[in-house]
Structure formats: structure tokens, C-alpha cells
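Down below is the structure, laid out as C-alpha cells.
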Amino acid sequence: MSAGKNTPDTGSENNINRPSNFIKNIIDEDIKNGKNDARVHTRFPPEPNGYLHIGHAKSICLNFGLAQDYDGLCNLRFDDTNPVKEEDEYVKSIIEDVKWLGFDWEDRLYFASDYFEHMYDFAVELIRKGKAYVDDLNAEEIREYRGTLTKPGKESPYRNRGVEENLDLFSRMRAGEFPDGSKVLRAKIDMSSSNMNMRDPVMYRILHASHHRTGDAWSIYPMYDWAHGLEDSLEGITHSICTLEFEDHRPLYDWFLENLDGVHRPQQIEFARLNLTYTLMSKRKLLRLVNEKYVSGWDDPRMPTLAGMRRRGIPPAAIRDFADRIGVAKADSIVDRAMLDSCIRDDLNKNAKRVMVVLDPVKVVITNYPEDQVEELTAENNPEKEDAGSRTIPFSREIYIEREDFLEDAPKKFFRMVPGREVRLKHAYYVTCTNVIKDTAGEIVEIHCEYDPATKGGWSDDGRKVKGTLHWVSVKHAADVEVRLYDHLFTKENPDESREEKDFTAFLNPESLVTLKNCKAEPGLRESEPGESFQFLRKGYFCSDSKDFSGENPVFNLIVGLRDSWQKIENK
RNA sequence: UGGGGCGUCGCCAAGUUGGCAAGGCACAGGAUUUUGGUUCCUGCAUUCGGAGGUUCGAGUCCUCCCGCCUCAGCCA
């Protein structure tokens, strides 16, 4: 895997590894024109106020991917300009998640808060140029003066204060002389602009709050619009990529940098954020799912958070592949979850070790098999991978098979176990059902079969054709395991678009988690590593739960099911 | 009703200067198969939100219309 480092061998001409998109077209053009000395330098700028989700992963893959494709650099920068919302706990989890995704920012880990002093100086520069002023209006008054979408705003009575007075007031704001909310520093632009962002936006607010990194050193904190462009400029960012809702902010982003002397001028480019069917991306709503206990936490395997997906067993390479496949554009969209599932299967098919686990067991007795005999049979670990080797699994007179793999009265298309019909037990023998034992309620309690000793290993050279192959587990060797079956968190493709103003929780899928306690696994599974993933033959991909798994209590999570064409036939 | 965006197959999405619609997912057939998995073939937009116009020729240029998203935090 080479996804970690910025690879040195891919210039702008030969980055055919990832599909084209409008951002690459812009970059290609910039390089052709020698802009920024043909450098490409991006950044991923999360605010440390929550956990990363797959929407962020799209942005991370985009920014780091661009750096890889153009032999450039990508910084990890925390946009920590609001001390009341941000916590160190989040910077730790974000760092862990970006690393897990497979990206490396080398020594370029930055914090907006490291630039506070520099930003202050820039603000003083604007004040000196008469382009910023201290306003005494309170929040509500500022809102009133701002006007509306269709009506222009009014200028603040404090707008034309002298430079010296502004300088004095601003330094006293910094010194902590004024209470929260009593004053702000605003840019002097245009109160009648049709772009609300240009109506004298606030640059600094007074906040007597302790910051996770600067502590109590500051009593004023910069606003996003003021801070972000400066951060980008200071780091030499060439292409500052953000989501669509910041499109309206671009004139302001440019205005600040235009009005400062001798600063580097990055270019802001906006793209559409990711939406995925059957889930949510809103931080606020995900927080509610956690707080109101609809899920077990931020790392619940059903959550679209990177922590959740990691625990679910989704390989980071699958997420990177997904990001490449969905592309980057400016049209609002909602990507089909099946696309992600396809990427996951693609990766796991190549890499996951095959094992046999019976989720819903029914006992089978092979009546012509010697009572106390046990054979160690050889099973390949992965037919897709030569060097995956093989393992040995015990076979004996009594085994478990999947309850749904047996039918007394079967349609012609049913290839599994049926009285009188020969089927193959994977890696073992051909067997034929001879009898069915039921309890008084008519429930099948035991199936009797006879095996053909000449078919050891599950093969016969006589040209006999066996349509069905079943997975099985020896009764006396079986490991009892718990299996957690996960499904979409919501029953609705877009739980966000609540028609009759229903709350999104109304669309929660009651079957998003089904726990199976009586599953029977081949014995080796007891020794798996927490977080290790497998293909449970004929069922799906599962991983041992990184939190709850232990040798005494093996717990496995469903990552994604196998494609099931029988299910499709059955549904017709 | 002000501004900024977007509208190409069910879902994503390519489409440099107009030259006659990539690819993936999904779906449907078929072949191979000790996983009804994988793999492999095959099919799947006479059409690009709509209507006009320019042109030998338009998804790409012009005009008008329609729809959707977004902006009035001292959040980011």
C-alpha cells in the first residue's frame, strides 16, 4: 500500500490513476500558467469540535489525493478559532482517523491558534488603512443593521471612528477590558452589498474563554472568514478547497487578502459535500443519535463516523477507493450506499480469510460415519490469494449446517439440501439426506444424512455433478460465537428530507442491529485478533469486534453481506 | 421577490478550442466456479431540465423559461 506518502513519481501529466474532475482541470491550468511556481499545496482544516465522518473522508481523500497526484503537499490544520466549542479530545480522534485513513502530513500539523498573534497584526494593518473598525453595537443591533436578503443594511454609527481610536479600542479588547459581546472588530466593506457576507463582517469577537491550546492568553478570537484565508496564506496553500456553502464567502476571502500587503494569495475552490443514502451526515443529528442512545456511541458500527466504520471493519482502502469512484463535482447529490458496499466487498474479497460459521444452526447426523472418528480436513484460506495458504478443520459424525440450507419440499431452483438429493459439504464430503427428525411442534431438530467416503475433500472424479455446496461446523469442535448483524440505520434513503416535518428519528431502522447468540464457528476463530476481518463463507464479511471480542466471548460484526443472487430469485 | 450556485441513464460522473454521449454502482441475461461469492462476456441515454436560435454540425455558443440547493451566527 502506497497511500500513505505523497508519491514522488506522479506529475501533472501522468496522474491517470484517479479520474478527472473540475478541480484538477483548474490545477492543470494553473500549472500550465506557472501559477504558484507550479506548486500544489492543499490542506484539510477540521474544526476540533466533533468526530470525523465519511463526508470528511471525501474531503481528506480529495486534499491529500491531489497532493499525491501532483507531487505536492497537504497539511493537517486544526481550525480552532472558537474556544467555547473545541476540545483536545477531538484533535486526538481526528488525528487518529486521518492516520487510519492512510494519509501522512509529515511534520505539517498546524493549528489556527498558532497564528493568533500574526492575525492580530494583520488586523492592526487593516485598521491603520481605515478598513476595519471597532463597533459598539450589540449582536442584536448588528443583525438589525445588516438588513435582509432583499433590503440593504445600514451603516453603524461607530463605523467612522478615527484610526487612533480604533487602534486603542482594539488593543483594549485584546487586553480584556471589555465584557463579552460589548464590542467587535468589523471590516469596513459595503453595507448595501447584495452579498450578505460583505456587509461589514465581524472579524473579532470578545470571548473571555479558555482555549484548548492558548489557555487564557486571549480575550478576543478571530472569526472564520477573517482567519481562514490568513491561515491558508501563511501556510503557502495554493488551492484552498472547501464545500459549496462557502461559495458566497469567496469574495470576502479574496477581499481580506487583497487588502493586506505582500501576502500570498491562495485560491478557494468549492465542491459538493457527500451525502449517502440511508444515513445522515449532520454533526448535530449524529450527536442526537449518540446522546439519545439510539446508538451505542460515536463508534457504533452503524454510524457513518470513521470511528464507527473502523469498528464495523470497513477497510480504509475501501473508503479511499470509494472517494475516487464517487468523484468530485459541484452538483448536490446523494450517493447510493451500494456504491460503498461494492468498494468494501472489492477489498475484502481479495484480502479476507475464508472461514466457516453457521449463523442459524441445525444439527446433521451422518449416520454411516464412524461414531468417534475425527478427520482434519484441509481448507484453503482464500481462493483469490495464492499465498494465503490453507488451514485444517475438524470433521466428525455430527455437524451443524444453516437452517435455511435445508428444505423438505424444495423448488427445482433450490440447490441446497433436500431429502434424497446429493450436496457437497465444503472441503469435506458429498452427503445425501435420508431422514428428518421433528419435534411435536413440527420444528426440525435433526437431519440424517449418509456420506460417500470416496468423495473426501469434497470432490469426485466420476463426473457426478453436485449443484449445491454448503458450509458446516463440527458439533463437538464448534466455537460458540455471537454475531451482530448490521443494516442501514434508517429505512428511508434520505432521512433528512422529512416531508410532514417528521423528526428524522421516525425513520430509524428497528432492525439495524440484530444480535445472534447461538452461532457455531470453526474452532480457529476463537484465536482471532480483535478487529480482524473474515469472509464467513456464503454469508458475508465479518470482523471481530475491537471492543467486545475475547477468546471466551467471541463477538463478530457484519461488515457487509455477500452478493446474494439466490435471495433475488427467491424474492421473485 | 436580492445575491451566489447547480440541473448529462435509477444513483454517482467524464465530456479541453462546437464534430456527432466515457466509466463505475445498480439492474437484466449468459459462461466458468468445491462460496447461488469471485471472475468473464453481453445488454442498459437517437439523448444531455424545457423551448427557441446561431451553425454543415451543439451536452458544449446565444436567448428566454422551469426546477433544485444556498446566504440575513459576535459558528465553522
Side-chain angles (χ1 to χ4, degrees), chain A residues 19-22 25 28-29 45-47 49 79 81-82 84-86 135 137-139 142-143 146-153 180-186 193-199 201-207 220-221 223-225 227-228 242 244-251 270 272 277 283 324-343 345-346 349-350 354 356 379-380 383-384 413-416 424-428 430 455 457-460 466-471 493 535-540 561-570:
Chain A
S20 145
N21 61 53
F22 77 100
N25 294 344
D28 287 339
E29 194 63 23
E47 183 190 13
N49 72 340
D79 207 359
T81 56
N82 186 353
V84 309
K85 289 190 174 177
E86 294 147 7
D135 196 348
L137 256 30
N138 64 36
I142 285 181
R143 193 184 328 123
R146 188 154 32 224
T148 70
L149 295 178
T150 49
K151 285 194 288 276
D180 287 6
S182 59
K183 286 179 170 37
V184 291
L185 182 73
R186 301 177 73 177
S193 171
S194 52
N195 183 341
M196 301 294 282
N197 296 120
M198 301 300 268
R199 318 243 264 225
V202 172
M203 295 164 65
Y204 278 94
R205 74 283 216 186
I206 299 172
L207 243 34
I220 55 171
Y221 290 91
M223 297 289 291
Y224 169 85
D225 285 308
H228 206 85
C242 61
L244 249 29
E245 66 271 26
F246 291 101
E247 208 149 17
D248 297 344
H249 296 237
R250 193 169 62 227
E270 312 84 14
T277 55
K283 250 179 210 175
D324 288 343
R325 287 203 219 177
I326 59 175
V328 181
K330 294 189 71 161
D332 294 309
S333 62
I334 176 159
V335 177
D336 195 335
R337 164 74 202 211
M339 185 90 94
L340 211 211
D341 289 341
S342 168
C343 297
R345 288 194 194 99
D346 225 54
N349 174 52
K350 281 174 267 183
R354 271 62 170 171
M356 296 202 285
E380 63 183 346
E384 305 297 318
K413 293 261 195 138
F414 186 83
F415 302 153
R416 283 109 100 140
R424 169 167 41 237
L425 294 177
K426 180 81 175 175
H427 306 306
Y430 290 1
T455 58
W459 184 247
S460 166
V466 182
K467 277 293 231 179
T469 300
L470 309 186
H471 60 283
E493 279 202 3
Q535 184 196 106
F536 287 5
L537 226 62
R538 302 207 307 136
K539 283 293 169 190
L562 249 29
R563 236 181 231 103
D564 191 349
S565 53
W566 167 242
Q567 189 62 247
K568 283 178 192 166
I569 295 169
E570 227 184 0

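Everything quoted here is computed from the prediction, not taken from an experiment. Sequence lines set the chain letters: A, B, ... in the order given, protein chains first and strands last, and positions in each chain run from 1. Note: hydrogens, waters and symmetry copies are ignored here, and every other heavy atom, side chains too, is used.
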Once you round it to whole Å, what is the distance between C1' of B:rU39 and CG of A:Asp346? 12 Å
Nucleotide of B:rG2, B:rG15, B:rU34 approaching A:Ser194 most closely (side-chain heavy atoms): B:rG2
Could you tell me how far B:rG18 sits from B:rC48 if I compare only their C1' atoms? Round to whole Å. 15 Å
Using atom names, set out every protein N or O paired with an N or O of nucleotides 27-32 of chain B below 3.5 Å, distance rounded to 0.1 Å.
unit_1, atom_1, unit_2, atom_2, d
B:rC27, OP1, A:Lys568, NZ, 3.2
B:rC27, OP2, A:Lys568, NZ, 3.4

Closest of B:rG37, B:rC71, B:rU34 to the A:Arg424 side chain is B:rU34
Only counting residues at least two apart or in another chain, list the ones meeting side-chain contact (heavy atoms from CB on, under 4.5 Å) with A:Val466. A:Glu422, A:Arg424, A:Tyr430
Which value, in whole Å, describes the distance between the P atoms of nucleotides B:rC71 and B:rG53? 39 Å
Tabulate protein N/O versus nucleotide N/O from nucleotides 7-9 of chain B, keeping only pairs under 3.5 Å, one per line.
none

Give me the distance, rounded to whole Å, that separates B:rU60 from B:rG7 when you measure between the P atoms they each carry. 12 Å
Scanning all shown strands, the Watson-Crick or wobble mate of B:rC25 with both distances under 3.5 Å is B:rG10
Could you check which nucleotide pairs with B:rC56 in any of the strands shown, counting Watson-Crick or G-U wobble with both distances under 3.5 Å? B:rG19
State, to 0.1 Å, how close A:Asn197 and A:Asp248 come at their nearest heavy-atom pair, and which atoms those are. OD1-O, 3.2 Å
P atoms of B:rC64 and B:rG2, separation to the nearest Å: 15 Å
Counting any heavy atom closer than 4.0 Å, what does A:Glu384 reach on the DNA or RNA strands: base, sugar-phosphate only, or nothing? base
Expressed in angstrom and rounded to an integer, what is the separation of A:Ile326 atom CD1 from B:rA14 atom P? 11 Å
Phosphate-side-chain proximity, A:Ser333 and B:rC11, N/O vs OP1/OP2 below 4.0 Å: no
Pairs: protein N or O with nucleotides 72-76 of chain B N or O, under 3.5 Å:
unit_1, atom_1, unit_2, atom_2, d
B:rA72, O2', A:Arg146, NE, 3.4
B:rG73, OP2, A:Arg146, NH2, 3.3
B:rC74, OP1, A:Arg146, NH2, 3.2
B:rC74, OP2, A:Arg146, NH1, 3.1
B:rC74, N3, A:Gly181, O, 3.3
B:rC74, N4, A:Leu137, O, 2.9
B:rC74, N4, A:Ala139, N, 2.9
B:rC74, N4, A:Gly181, O, 2.9
B:rC75, OP2, A:Arg205, NE, 3.1
B:rC75, OP2, A:Arg205, NH2, 3.0
B:rC75, O3', A:Arg205, NH2, 3.2
B:rC75, O2', A:Asn82, ND2, 3.2
B:rC75, O2', A:Lys85, NZ, 3.4
B:rA76, OP1, A:Thr81, OG1, 2.8
B:rA76, OP1, A:Arg205, NH1, 3.3
B:rA76, OP1, A:Arg205, NH2, 2.9
B:rA76, OP2, A:Tyr224, N, 3.0
B:rA76, O3', A:Asp79, OD2, 2.9

note: A:Glu380, atom CD; B:rU33, atom P; distance rounded to Å ~ 15 Å
Compare every heavy atom of A:Lys151 with every heavy atom of A:Arg199, then report the nearest pair and how far apart it is. NH2-O, 2.8 Å
Qualifying residues under side-chain contact (heavy atoms from CB on, under 4.5 Å), relative to A:Asp564, sequence neighbours excluded: A:Trp566, A:Gln567
Not counting sequence neighbours, which residues clear side-chain contact (heavy atoms from CB on, under 4.5 Å) with A:Lys85? List them please. A:Glu47, A:Asn49, A:Asn82
Taking only residues two or more places apart in sequence or in another chain, which ones pass side-chain contact (heavy atoms from CB on, under 4.5 Å) with A:Asp336? A:Thr277, A:Ala338
What is the distance from atom CE of A:Met356 to atom CD of A:Gln535, rounded to the nearest 0.5 Å? 12.0 Å
Go through the steps to decide whether A:Leu470 and A:Arg416 satisfy the test side chain to side chain contact (heavy atoms under 4.5 Å, CB included), and finish with yes or no. CA-CA 7 Å; A:Leu470 309 186; A:Arg416 283 109 100 140; 3.5 Å; yes
With C1' as the reference atom in both, quote the distance from B:rG67 to B:rU35 in angstrom, rounded to an integer. 48 Å
For A:Glu86, the side chain to side chain donor-acceptor pair (under 3.5 Å) test, sequence neighbours excluded, returns none
Find which nucleotide of RNA chain B each of A:Lys426 and A:Asn21 is nearest to by heavy atoms, and output the residue with the more 5' nucleotide. A:Asn21
Does A:Tyr224 have any ring pair (Phe, Tyr, Trp, His ring centres under 6.0 Å) partners at least two apart in sequence or in another chain, and if so, which? A:His228, A:Phe246
What pairs with A:Glu245 under side chain to side chain donor-acceptor pair (under 3.5 Å), at least two apart in sequence or on another chain? A:Thr243, A:Arg273
Please tell me which of the listed nucleotides, B:rC25, B:rG4, B:rU35, lies nearest to the side chain of A:Met339? B:rC25
Kindly write out the residues that satisfy side chain to side chain donor-acceptor pair (under 3.5 Å) with A:Tyr204, not counting sequence neighbours, or none if the list is empty. A:Trp226
Applying a 3.5 Å limit to both distances, which nucleotide forms a Watson-Crick or G-U wobble pair with B:rU63? B:rA51
Which heavy atom in A:Ala331 sits nearest to a heavy atom in A:Ala272, and how many Å separate them? O-CB, 3.4 Å
Say you pick atom C1' in B:rU42 and the same atom in B:rU63; how far apart are they, in whole Å? 44 Å
Assigned chi class of B:rG18 under the 90° convention is anti
Kindly point out which of B:rG4, B:rC12, B:rG15 is positioned nearest to the side chain of A:Ser20? B:rG15
Distance in angstrom units between A:Asp248 CG and B:rG5 P, rounded: 8 Å
For A:Arg250, answer base if it contacts any base atom (sugar-phosphate contacts may also be present), sugar-phosphate if it contacts only those atoms, and nothing otherwise; contact means non-hydrogen atoms under 4.0 Å. nothing
Could you tell me which nucleotide pairs with B:rC40 by Watson-Crick or G-U wobble geometry, both distances under 3.5 Å, or answer none if nothing does? B:rG30
To the nearest Å, how far apart are A:Asp564 CG and B:rG37 P? 8 Å
Which whole number of Å gives the distance between the P atom of B:rA45 and that of B:rA21? 12 Å
First of A:Val328 and A:Phe415 reached from the 5' end of RNA chain B, by closest nucleotide: A:Val328
Can you check the distance between B:rG59 and B:rU47, where both ends of the measurement are the C1' atom (answer in whole Å)? 9 Å
Base, sugar-phosphate, or nothing: which does A:Phe536 touch, judged by heavy atoms less than 4.0 Å apart? nothing
Using atom CG of A:Asn195 as one end and atom P of B:rG3 as the other, report the distance to the nearest whole Å. 12 Å
Going by side chain to side chain donor-acceptor pair (under 3.5 Å), name the residues that satisfy it together with A:Lys426, two or more places apart in sequence or in a different chain. none
Could you tell me whether the side chain of A:Gln535 has a donor or acceptor atom within less than 3.5 Å of a complementary atom in the base of B:rU35? yes
